[in-house]
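The block underneath contains the structure these notes are about, expressed in structure tokens.
So you know, we letter chains A, B, ... as the sequences are listed, proteins then strands, and number each from 1.
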Amino acid sequence: MPDDYKETLNLPKTSFPMKANLAKRELDMLQFWEDIDIYQKLMNKGEREKTFVLHDGPPYANGNIHIGTAFNKILKDMIPKYKWMRGYFSPYVPGWDTHGLPIELRTLKDEGLDKDSLHPIDLRRKCKECADRFLDIQRNEFKRLGVIGDWNDPYITFKPEYEAIELEAFAEMVDRGYVYRGQKPIYWCTDCQTALAAAEIEYEDISSPSIYVAYPLKKEGFPNLEGKEAYAIIWTTTPWTLPASLAITVHPNFDYIFASSNDKVYLLAKGLLEKVQRETGINFNNVLYEIKGKELEGLKAVHPFYDDKEIIFVLGDYVSLDEGSGCVHTAPGHGAEDFETGIKYDLEIYNPVDGRGYFVPETPLVGGLSLEEGSEKVLEVLKQKGRLLGEGEIMHSYPHCWRCKKPIIFRATNQWFIAVSMFKEDSLKAISSVQWIPSWGQDRIANMVRERSDWCISRQRIWGVPIPAFYCNDCGELILTSDRIRKVSAKVREHGSDCWWLMETKELLEELAFCPKCNSKSLKKETDIFDVWFDSGTSHLAVLTTRPELKWPATMYLEGSDQHRGWFQTSLLTSVATRGRAPFEMVLTHGFIVDGEGRKMSKSLGNVVQPQEVIEKYGADILRLWVASTDYRNDIRISETILKNLVESYRRVRNTMRYMLGNLFDFDPHNDSLAPEDMEEIDLWILSKLQGIISKVTRGFEDFEFHVPTFTIHQFCVNELSAFYLDINKDRLYVEAADSKLRRSCQTAMWNIIKTLTLMLSPILSFTTEEVWQHLREIDHTLPESIFLADWPTLDPTLYHESLEEKWERILWLRGAVSRALEAARGQDLIGQSLEACVNIKLDSETAKLRDILSPYWWKGVFIVSDVNWVDELPEAPVVHADEETGVKIAITKACGEKCPRCWMYAPEVAEKGVCGRCSMVLAAQS
RNA sequence: GGGCCGGUAGCUCAGCUGGUUAGAGCACACGCCUGAUAAGCGUGAGGUCGGUGGUUCGAAUCCACUCCGGCCCA
């Protein structure tokens with residue numbers, strides 16, 4: 001008999017599975033979006049007057065995506081999804097960065113070739129194949145994450161239209177006089193006779209000579225040196241750079257001293273006195289005087305073995321007291337810092353070394369010698385002149401060529417530059433007009449731009465966009481004019497940049513194929529290509545200005561914080577150089593992905609988390625939840641513990657949704673909904689709470705702080721819904737007549753809640769919410785076919801009741817005390833489930849105020865007990881609980897009567913009727 | 001070494017412009033339920049707010065230094 005009543009209850013029913021099985025079910029959802037062409041549907045939906053363009057930073061099309069790329073793409077994806085629902089037109093065009101060294105090297109390695117043994121066109125074809133292959137792999141991986149965008153027509157930097165615009169942007173910079181050819185030291189392998197990129201450098205420990213050299217001081221400007229032999233002491237590990245020595249750099253804030261030894265005086269940093277003394281054997285017996293580094297600026301010395309060459313004192317912050325003498329010999333043609341200093345002080349970028357590693361013949365003293373021979377010669381002469389103060393060996397880390405494993409050198413060569421210095425002020429202004437999120441991004445990029453030097457845009461490589469310059473074979477003129485660049489650009493637009501290698505200058509330039517200086521028709525093409533950062537840095541022009549659905553400037557760029565140096569900056573520079581303003585209105589940055597201990601991921605540490613594995617194991621929605629649950633302004637941690645936690649949170653939200661769905665199985669929103677004035681108070685209360693949630697969640701999305709919505713909704717599901725509202729309404733939903741107002745009131749509220757929560761979660765848990773949505777559509781067929789086509793929930797101020805929330809706040813306060821009392825009763829084995837209990841509440845000043853704010857029916861409901869008594873004196877009872885937290889005194893007694901087999905509440909009449917009074921009425925109506 | 005950032009319970013986050021015993025969810029422990037059931041409910045135990053020093057009547061909140069970690073650069 002007992003189980004028979006189960007059939008008379010309105011128990012939840014749903015086909016929505018409890019177990020998510022995301023790894024599998026998500027694939028169906030992807031298929032669904034593909035089938036209905038969700039992106040096109042969105043594009044047809046929005047109103048164009050409100051446009052939000054998130055411009056995608058192109059990932060490099062090499063290898064599979066890693067956790068950082070996945071994080072970035074998911075974070076981005078949440079924004080257009082939200083904006084579409086808010087009524088914006090928010091197209092998202094993904095892109096790829098496809099040129100450049102990593103792909104070229106990978107291709108060469110795969111082919112077992114080097115770049116000179118393969119025709120450029122063949123190499124480029126293979127590179128393109130490689131990029132294409134990985135682009136496709138990544139595209140599928142991104143789609144698998146649930147990212148919605150124009151995957152069928154992404155932007156790709158190797159597309160002819162893209163390259164053409166890039167060249168046009170370059171032409172504009174040439175027009176403005178921002179492009180020049182100059183010298184810059186680069187990594188150079190004398191063995192392979194080639195320039196190397198930073199990525200081709202390996203650091204190895206080697207032994208180098210360590211020498212101290214005396215540079216005679218010119219006495220003008222130095223106080224108190226009359227009649228004395230005075231020298232500056234420098235220290236170097238590369239004697240072969242001394243022929244190119246042009247300056248001595250000192251730190252502006254260090255203290256320098258003139259120390260005498262016998263009849264000589266030496267200049268060196270005060271802090272290095274002992275070290276130099278030790279390593280040179282010179283005994284400094286007297287310090288003549290001290291001087292600040294900055295006071296040395298502009299003073300002069302003489303080259304240690306070119307007596308007619310003047311050496312100037314300059315300042316540099318990079319001078320350290322770790323090694324040497326605090327006076328740094330500076331050869332602008334042989335080192336990055338030296339070069340910077342050289343540029344600053346207008347020194348010659350002097351490089352007497354040729355590509356094979358020999359001093360050019362006209363070099364004094366060492367002309368024609370190899371670097372090694374030159375080095376020996378230098379030492380010999382220094383010794384001869386008595387200017388070698390100390391000689392030793394030192395082990396240190398030094399860059400080597402990755403291919404031949406030989407030490408490399410720094411060697412100034414001709415490169416193309418963009419004169420950032422000419423529009424640096426404008427760039428800084430542009431930076432200040434952008435909204436940086438978080439705000440410190442502004443300081444970071446402004447500092448970087450302020451300190452940066454001109455942009456070296458040339459690479460001696462094959463896989464990239466050619467720098468469209470020419471050289472006259474007759475007069476040697478360097479030809480870089482915007483009209484010729486535009487000619488080339490037109491050809492590139494038509495044929496792709498391969499045409500640079502396939503066409504003669506005559507074909508490329510047509511009527512402009514002549515030297516503007518000597519009219520010669522014999523021209524030679526530049527062999528350098530653009531830095532890939534120039535490719536991606538011009539994407540705002542190549543993409544935003546060419547696609548009708550997009551707009552320039554972008555509303556937002558969103559990348560990791562490393563892009564302050566990278567894409568944010570290169571985009572900004574090309575934009576300021578061509579358009580005079582930033583290409584974005586907002587820049588959002590996130591931190592880096594680290595492991596559970598906050599350490600960066602590395603293969604050697606073995607702490608790398610693969611997005612593919614997470615998806616396989618837990619599903620993309622878990623990954624999405626991870627992205628949304630973090631405060632991404634800091635580093636973002638991921639670990640098995642964190643994922644397990646997320647799975648747990650996910651489960652809770654999913655089950656809450658499932659439970660509400662199950663209780664709506666017989667609800668027709670169009671016919672069964674109640675108007676607010678007909679609803680139960682508790683249902684109005686939960687809807688009032690829901691308004692607060694909508695407001696908080698919406699604000700979180702507006703501020704791009706996705707962890708706010710995530711936590712807010714999760715906590716709402718746990719605290720308000722699962723632990724309270726849904727729990728105490730089981731009685732109503734199951735037991736009352738299916739079509740009763742009591743039950744319909746609750747269903748009306750739940751329908752509103754589940755729709756609202758599902759919508760608000762959709763930018764985050766896209767797969768799951770779409771799944772829920774499809775179930776909701778079975779309840780209401782008028783809903784849009786995909787959740788992403790629906791509108792964002794709006795806050796209904798008429799549903800917000802502050803006084804109601806305050807009232808229920810007090811009810812919950814008392815409920816806490818009752819729960820603790822019931823728990824005490826359970827501890828005494830008085831009761832099991834709470835319906836077995838009768839709650840006796842002692843009336844005091846507080847509880848007396850509460851008694852009448854709810855009907856007895858609702859008090860029982862709120863506590864989920866069979867009886868509630870408000871008494872002046874507590875009865876004799878097995879469990880009397882004096883609640884510490886509230887001060888309320890409660891006695892728990894066994895509920896009287898017997899357990900109704902239908903609703904499980906205890907009532908006296910059950911013995912007689914077989915069920916309680918309420919159930920008998922419901923049953924009577926049913927039959 | 002420089003620029004920028006972060007360090008609150010095992011985990012993810014709150015904690016506004018300094019002011020009662022530092023909050024929440026998850027995880028954990030114990031218990032209940034078996035009509036959300038590879039679910040649900042209740043109770044409870046977890047933190048010297050990275051460390052040191054300072055300003056203050058009072059600091060997780062302000063300042064200095066320091067340790068640890070991250071990005072970028074050298």
For [X] and [N], is the shortest distance between a side-chain N/O and OP1 or OP2 below 4.0 Å?
X	N	answer
A/Arg652	B/C41	yes
A/Ser722	B/C41	yes
A/Lys6	B/G35	yes
A/Tyr734	B/A36	yes

Which part of the nucleic acid, if any, lies within contact of [X], taking any heavy atom under 4.0 Å across all strands shown: a base, the sugar-phosphate backbone alone, or nothing?
X	answer
A/Ile642	sugar-phosphate
A/Asn655	base
A/Trp904	base
A/Ser649	nothing
A/Asn719	sugar-phosphate

Value in whole Å for how far the [atom2] atom of [N] lies from [atom1] of [X]:
X	N	atom1	atom2	answer
A/Leu9	B/U34	CG	P	14 Å
A/Glu836	B/C32	CD	P	11 Å
A/Tyr725	B/C41	OH	C1'	18 Å
A/Asp727	B/G40	CG	P	11 Å
A/Arg815	B/C41	CZ	C1'	9 Å

Practice item. For A/Ala723 and for A/Asn645, locate the closest nucleotide of RNA chain B by heavy-atom distance; then report the residue assigned to the nucleotide nearer the 5' terminus. Key: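 This one resolves to A/Asn645.
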Review point. Which comes earlier along RNA chain B counting from the 5' end, the contact point of A/Leu646 or that of A/Leu11, where each point is its nearest nucleotide?
Key: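 Mapping each residue to its closest nucleotide by heavy atoms, the 5'-most match is A/Leu646.
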Point to revise | A/Asn21 side chain to A/Arg25 backbone, donor-acceptor under 3.5 Å | key: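 Absent.
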For [N], give the paired nucleotide (Watson-Crick: N1-N3 plus N6-O4 or O6-N4; G-U: N1-O2 and O6-N3; both under 3.5 Å), or none.
N	answer
B/A59	none
B/G46	none
B/U12	B/A24
B/A36	none
B/U52	B/A64

Looking only at atom [atom1], what distance separates [N] and [M], rounded to whole Å?
N	M	atom1	answer
B/G25	B/C65	C1'	37 Å
B/C4	B/C49	C1'	24 Å
B/G15	B/U20	C1'	15 Å
B/A27	B/U21	C1'	25 Å
B/C62	B/C5	P	13 Å
B/A59	B/G53	C1'	14 Å

Check your understanding: Out of B/A36, B/A14, B/C32, which nucleotide sits closest to the side chain of A/Arg633?
Key ->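 Looking only at heavy atoms from C-beta outward on A/Arg633, the closest nucleotide is B/A14.
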So that I can tick it off, tell me whether [Y] and [X] are bridged by a salt bridge, with the cut-off set at under 4.0 angstrom between side-chain N and carboxylate O.
X	Y	answer
A/Arg633	A/Glu705	yes
A/Glu823	A/Arg826	yes
A/Glu640	A/Lys644	yes

Review point. Which nucleotides of nucleotides 67-74 of chain B have their base under 4.0 Å from a protein heavy atom (B), which only their sugar-phosphate (S), and which neither (-), written as one string 5' to 3'?
Key: --SSBSSS
Check your understanding: Taking only residues two or more places apart in sequence, or in another chain, which ones meet A/Phe16 in a ring-ring contact (aromatic ring centres under 6.0 Å, His included)?
Key ->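 With neighbours one apart ignored, the set is A/His775.
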Review point. Could one point to a donor on the side chain of A/Thr14 or the base of B/A36 with an acceptor on the other under 3.5 Å away?
Key: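 Per atom types, no contact qualifies.
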Check your understanding: Is a donor-acceptor contact shorter than 3.5 angstrom present between the side chain of A/Lys730 and the base of B/A36?
Key ->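 Present.
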Point to revise | Strand-adjacent residues in residues 704-716 of chain A, judged by heavy atoms under 4.0 Å from RNA chain B | key: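 Heavy-atom cutoff 4.0 Å gives A/His707, A/Phe711, A/His714, A/Gln715.
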